[in-house]
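In what follows, a single structure is set out as structure tokens and then discussed.
Throughout, numbering of the chain's residues begins at 1 and tracks the sequence.
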Amino acid sequence: MSGVVRAAWRLGVAAARGPAGRPLSQAPAGRAAGGGAEGSGGSGSREAVERLVRAHPVVVFMKGSPAQPLCGFSNAVVQILRLHGVEDYRAHDVLQDPDLRQGIKNYSNWPTIPQVYLNGEFVGGCDILLQMHQNGDLVEELKKLGIRSALLDAEKDKDKK
């Protein structure tokens with residue numbers, strides 16, 4: 001088992017719920033009118049993917065949902081976002097829409113799922129998000145979006161003790 005997979009697995013498999021016990025937000029992938037062929041305006045077209053990527057400051061394309069991730073890497077992304085207190089994001093289940101699954105890979109030129117977008121910009125997959133979490137870059141990127149990482153508050157509380 002690789003170090004990244006081990007680290008992702010250590011993040012746990014708890015259900016993805018925010019501090020108030022509410023499920024993290026999820027937007028279904030859905031199918032756009034007009035079919036799904038690349039370039040036809042369907043759910044996998046560049047235009048449709050672009051709309052999804054830009055629809056919210058934090059967007060995740062994953063297998064399953066935040067409440068029920070269907071792969072360890074998708075679960076790790078959900079857990080990292082949860083650790084930072086990011087509850088308000090859009091998640092799209094690529095298993096529900098094969099056209100979207102291929103379309104997002106084409107759009108980012110990245111072969112794997114999950115994929116994370118911040119402010120419409122492709123960040124990477126689980127390994128990149130985990131690295132950003134570990135080196136503190138994720139806190140800074142969230143700050144640029146106006147999102148204060150919950151880890152900052154946890155550190156402040158720890159310093160008071």
Side-chain angles (χ1 to χ4, degrees), residues 1-19 21-30 43-44 46 48-155:
M1 187 182 290
S2 77
V4 170
V5 172
R6 240 187 337 269
W9 182 253
R10 278 196 307 265
L11 287 171
V13 293
R17 295 197 175 271
R22 296 187 324 250
L24 298 173
S25 63
Q26 174 190 1
S43 61
R46 183 159 191 82
V49 170
E50 177 90 18
R51 281 192 300 273
L52 293 176
V53 163
R54 299 205 177 278
H56 198 270
V58 181
V59 179
V60 178
F61 294 87
M62 62 184 291
K63 294 177 182 175
S65 68
Q68 189 172 17
L70 295 177
C71 85
F73 296 112
S74 292
N75 181 58
V77 165
V78 167
Q79 295 300 324
I80 290 167
L81 292 173
R82 184 184 60 79
L83 284 171
H84 286 269
V86 180
E87 292 186 46
D88 185 20
Y89 64 95
R90 298 296 174 265
H92 300 279
D93 182 357
V94 300
L95 297 179
Q96 298 297 315
D97 188 342
D99 294 332
L100 177 61
R101 185 177 185 174
Q102 187 57 50
I104 194 62
K105 291 176 183 181
N106 294 344
Y107 180 83
S108 64
N109 197 27
W110 190 262
T112 60
I113 303 294
Q115 293 187 17
V116 178
Y117 290 78
L118 299 178
N119 218 22
E121 297 295 322
F122 177 59
V123 171
C126 174
D127 53 345
I128 304 295
L129 199 68
L130 181 59
Q131 182 179 33
M132 290 175 69
H133 164 69
Q134 290 172 334
N135 68 21
D137 289 347
L138 186 54
V139 170
E140 295 305 313
E141 290 302 315
L142 292 172
K143 190 183 299 183
K144 291 177 187 175
L145 301 176
I147 300 170
R148 180 174 170 80
S149 172
L151 293 182
L152 294 175
D153 296 331
E155 284 179 19

Distance, nearest 0.5 Å, that separates CD of Glu141 from OG of Ser149: 12.5 Å
Has Ser74 got a side-chain atom pairing as donor or acceptor with Leu70's backbone, closer than 3.5 angstrom? no
Side chains of Gln115 and Tyr117: any donor to acceptor distance under 3.5 Å? yes
Any chance the side chains of Asp88 and His56 put a donor and an acceptor closer than 3.5 Å? yes
Is there a side-chain contact between Val58 and Leu145, using heavy atoms and a 4.5 Å cut-off? yes
Measure the shortest side-chain to side-chain distance between Tyr89 and Leu81 over non-hydrogen atoms and say whether it is less than 4.5 angstrom. yes
Is Leu100 close to Phe61 at the side-chain level, that is, under 4.5 Å between some pair of heavy atoms? yes
Decide yes or no on side-chain hydrogen bond (donor to acceptor under 3.5 Å, both in side chains) for Gln102 and Asn106, but give the supporting numbers first. CA-CA 6 Å; Gln102 187 57 50; Asn106 294 344; 2.9 Å; yes
In chain order, what residues pass the side chain to side chain donor-acceptor pair (under 3.5 Å) check against Asn135, with sequence neighbours excluded? Asp137
Working to the nearest 0.5 Å, report the span between CG of Leu130 and CE of Met132. 11.0 Å
Measure the shortest side-chain to side-chain distance between Met62 and Val78 over non-hydrogen atoms and say whether it is less than 4.5 angstrom. yes
Approximate separation, where rounding is to 0.5 Å, of His92 NE2 and Ile104 CD1: 8.5 Å
I'd like to check the ring-ring contact (aromatic ring centres under 6.0 Å, His included) partners of His84; sequence neighbours left out, ordered by chain and number. His133
Sequence-distant partners of Tyr107, ring-ring contact (aromatic ring centres under 6.0 Å, His included), two or more places apart: none
Over all atoms of both residues, closest heavy-atom pair of Val60 and Val116: CG2-CG2, 4.4 Å
I would like to know whether Leu142 and Arg148 meet side chain to side chain contact (heavy atoms under 4.5 Å, CB included); could you show each step before the answer? CA-CA 7 Å; Leu142 292 172; Arg148 180 174 170 80; over 6 Å; no
Asp97 and Ser43: which non-hydrogen atoms are nearest, and at how many Å? OD2-OG, 2.6 Å
Between the side chains of Asp93 and Ser65, does any donor sit under 3.5 Å from an acceptor? no
Contact list for residues 54-76, test salt bridge (charged side-chain N to carboxylate O under 4.0 Å, His left out), sequence neighbours left out: Glu50-Arg54
Straight-line distance of Cys126 SG to Asn75 CG, nearest 0.5 Å: 9.0 Å
Report the distance from atom CD1 of Ile113 to atom CZ of Phe73, rounding to the nearest 0.5 Å. 12.5 Å
